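Notes follow once the structure below has been shown.
The residues of the chain are indexed from 1 along the displayed sequence. In listed order, ligands and their atoms are each counted from 1. Worth saying up front: this structure is predicted, and the values here are computed from it rather than measured.
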Amino acid sequence: MATPQAEAVIDLDAFRANLSALAACAPGAALMTVVKADAYGHGMIPMARAARDAGSSWLGVATIDEALRLRAAGDTGNLLCWLASPGADFAAAVGAGVEVTASSAEQLTEILAAPVEVRPRIQLKVDTGLSRNGALGDKWSELVAAAATAQRAAGAEITGVWSHFACADEPDHPANDAQEAVFDEAVAEAHAAGLESVLRHLSNSAATLARPSAHYDLVRVGIAAYGIRPDPGMTYSTVLTPAMTLRGRLASVKRVKAGTSVSYGHTWTAERDTTLGLVPMGYAEGIAVSASNRAEVTVGGERARVAGRICMDQFVVDLGDRTAERGDGVTVFGPGTSGEPTAEDWAIASGTIAYEVVTRLGGRVARTYRGNT
Ligand SMILES: *Cc1c(COP(=O)(O)O)cnc(C)c1O
């Protein structure tokens, strides 16, 4: 195959090392690696395999469709999904041995009605303060009562009780203590109803790194597994290495005169004679237009700033007076160990979070994998 114009190189060794480090943060808990959204843009199937190799006893995804794709690829381990609209194919999920989440008594009824021979394995989601999915207050009591009834009638096996933090990336935020307290009450209610053997889980990456009291029986790690800090302002001792490097090669290089304006809208003008390099990727690949004139890349190990507006297929960088040639390598972001920007740097330059920078990568980006596959 010809060299791709835009390539995301994924370092599986770095990913596995991150998972080991995260497992060491929560020694008493099982590890669930979250591989939803195509493993945050890293490629779901290879990352799932690498996560299993690294000892991840659970995988987590948002949708049934994602879970079924893992099964189709041969994954047979513990697997939980948690986001389903009415009419979702619970029969397919249950039939494939996927654990599904009930966020309300209505959703539990829908799961129990799925036409399937095997007994569904169901986890219950409580809303402890994120106000997103999950049963809240009286609705939690209703869900627990219905789930206990179903389990007694041998119509279901209730395997877990879980929730999700709103502010775990701000360890001192009072919402964290409050959510944990609500979670403890919700678990006590499930126990009292006869659901004693449930797995309890509440922690995302940030809580895994910074909040041991919230580790319970299992931790769900997403962004940190890919080597990205949940919040660049957070400090902790765990070493994480970004697994993804986005790179390409200059498609053209040209010398221009002072006063030359660049790209749509002419939002950038050369202050002096300079050299421009053309990077063959754009917002179709997930490079944010909002990083125009702000973000940097490296060419030949040296930083160069985006000049002018990022386009659909391409953007221009200002190379100054350095010698560069068509075909020279460009690193858009990577682990930062060779002077290149990181996904966090691109997040800051484009006014978003690093989660979005890696997850939205797409279009014509080819993914290749390094390390033991
Ligand atoms: C995405 C997600 C996670 C992982 O969150 P990170 O901040 O990436 O670690 C964990 N649990 C649930 C329910 C999620 O939706």
Side-chain angles (χ1 to χ4, degrees), residues 15 18-19 21-23 25-26 29-42 44 47-48 51 54 56-67 70 78-85 98-103 107 122-135 160-171 173 175-176 179-180 183 186 199-211 214-234 236 238 240 242-244 343-344 347 352-360:
F15 176 67
N18 294 335
L19 284 173
L22 290 161
C25 286
L31 184 70
M32 175 187 288
T33 306
V34 179
V35 294
K36 64 188 179 186
D38 212 12
Y40 295 46
H42 294 66
M44 183 170 68
M47 301 320 275
S56 183
S57 54
W58 283 84
L59 294 178
V61 291
T63 67
I64 289 175
D65 183 61
E66 291 173 316
L70 285 168
N78 294 317
L79 173 57
L80 176 69
C81 65
W82 51 70
L83 185 61
S85 300
V98 175
E99 299 204 10
V100 297
T101 298
S103 283
Q107 194 163 44
I122 302 173
Q123 302 208 13
L124 309 180
K125 179 157 191 206
V126 56
D127 180 1
T128 53
L130 178 60
S131 307
R132 218 169 60 176
N133 214 351
V161 167
W162 67 274
S163 191
H164 196 41
F165 276 121
C167 306
D169 57 349
E170 297 169 61
H173 198 291
N176 297 316
Q179 284 197 259
E180 207 174 296
F183 186 68
L199 271 179
R200 304 160 301 157
H201 48 110
L202 179 58
S203 289
N204 55 6
S205 292
T208 302
L209 288 162
R211 198 173 171 86
H215 290 167
Y216 295 98
D217 303 316
L218 177 151
V219 293
R220 306 184 305 267
V221 296
I223 197 72
Y226 305 98
I228 295 172
R229 292 178 290 179
D231 181 302
M234 256 179 92
Y236 41 78
T238 308
L240 300 171
M244 181 191 287
E344 283 176 5
T352 185
I353 52 176
Y355 288 75
E356 189 186 357
V357 171
V358 290
T359 303
R360 72 182 165 210

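For the atom pair CG (Asn204) and CD1 (Ile223), the distance works out to 11.0 Å, reported to the nearest 0.5 Å.
For atom 13 (C) of ligand 1, the closest non-hydrogen atom of the protein is Trp162 CZ3, 3.4 Å. Distance from atom 7 (O) of ligand 1 to its nearest protein heavy atom, with residue and atom name: Tyr355 OH, 2.6 Å. The protein heavy-atom contact nearest to atom 2 (C) of ligand 1 is Lys36 NZ, 2.6 Å. If you check which protein heavy atom lies closest to atom 11 (N) of ligand 1, you get Arg220 NE, 2.8 Å. Nearest protein neighbour of atom 9 (O) of ligand 1, counting heavy atoms only, is Ser205 OG, 2.5 Å. Annotation: atom 8 (O) of ligand 1 to nearest protein heavy atom, Tyr40 OH, 2.6 Å.
The shortest N/O to N/O separation between Gly222 and ligand 1 falls below 3.5 Å.
Here the side chains of Val100 and Cys81 are in contact, with some heavy-atom distance below 4.5 Å. Contact annotation: the side chain of Val221 never approaches that of Tyr226 to less than 4.5 Å [non-hydrogen atoms, C-beta and beyond].
Within the structure, salt bridge (Lys or Arg N to Asp or Glu O under 4.0 Å) contacts touching residues 216-234 (residues at least two apart or in different chains) are Arg200-Asp217, Arg229-Glu344.
Glu356 is linked by a salt bridge (charged side-chain N to carboxylate O under 4.0 Å, His left out) to Arg360, counting only residues two or more places apart in sequence or in another chain.
Counting heavy atoms closer than 4.0 Å to ligand 1, residue Tyr226 contributes nothing at all.
In the vicinity of Ile223, heavy-atom distances shorter than 4.0 Å reach the ligand 1 atoms 6 (P), 8 (O), 9 (O). Here is the list of ligand 1 atoms found below 4.0 Å of a heavy atom in Asn204: 5 (O), 7 (O), 9 (O).
Checking side-chain atoms of Ser56 against main-chain N and O of Thr33 turns up a donor-acceptor pair under 3.5 Å.
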Q. Would Leu31 and Val219 satisfy side chain to side chain contact (heavy atoms under 4.5 Å, CB included), going step by step from the backbone distance to the final call?
A. CA-CA 5 Å; Leu31 184 70; Val219 293; 3.9 Å; yes
